[in-house]
Amino acid sequence: MRRSLISLLLAVTIVAAVCSVAARRWRRRRLRRAAATRAGSSPEQAITIRSFAEMDAHLARRWCACGGYLERSGEGTRERDGRRFRVARLSCQECEAVDEVFFDTTEVLH
Ligand SMILES: [Zn+2]
């Protein structure tokens, strides 16, 4: 009786551990997929802004695929097909991944 209770507890513990690993993996995969297709991840998906304040507001809400905090590490300008882009470079404080966010600044008034 006692032995079967212990093996039951052991089984429950193992199942719980497997579930939590699977859940974490699933969450990470979902975040990574969302990161690849979200706005600003490429010039084609650039976020159109009319002022640089919009860019700051957007970057403040952005997160890493791992869920970590992204810190701005640099900025650059790119031109492509007659459109002007501002590219913000971000680095994650948790996993050190580097993320680039494209903003279409063609309509920003200078
Ligand atoms: Zn990260």
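Atoms within each ligand, like the ligands themselves, are counted from 1 in listed order.
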Checklist entry - Salt-bridged, Arg86 to Glu75, with N to O below 4.0 Å? => result yes

Next on the checklist: So that I can tick it off, tell me whether Glu100 and Arg78 are bridged by a salt bridge, with the cut-off set at under 4.0 angstrom between side-chain N and carboxylate O.
Outcome noted: yes

Checklist entry - So does Glu71 pair up with Arg89, basic N to acidic O under 4.0 Å? => result no

Item to check | Distance under 6.0 Å and angle within 45° of ring axis: Arg38 vs Trp63 | outcome: yes

Next on the checklist: Under 2.8 Å from the Zn ion (ligand 1), which protein N, O or S atoms do you find? Ignore water molecules.
Outcome noted: Cys64 SG, Cys66 SG, Cys92 SG, Cys95 SG

Next on the checklist: Which Ile, Leu, Val, Met, Phe, Trp or Tyr residues join Phe85 in one cluster when any pair of side-chain heavy atoms under 4.5 Å counts as a link?
Outcome noted: none

Item to check | Lys/Arg-Asp/Glu bridge criterion (N-O < 4.0 Å) met for Arg50, Asp104 | outcome: no

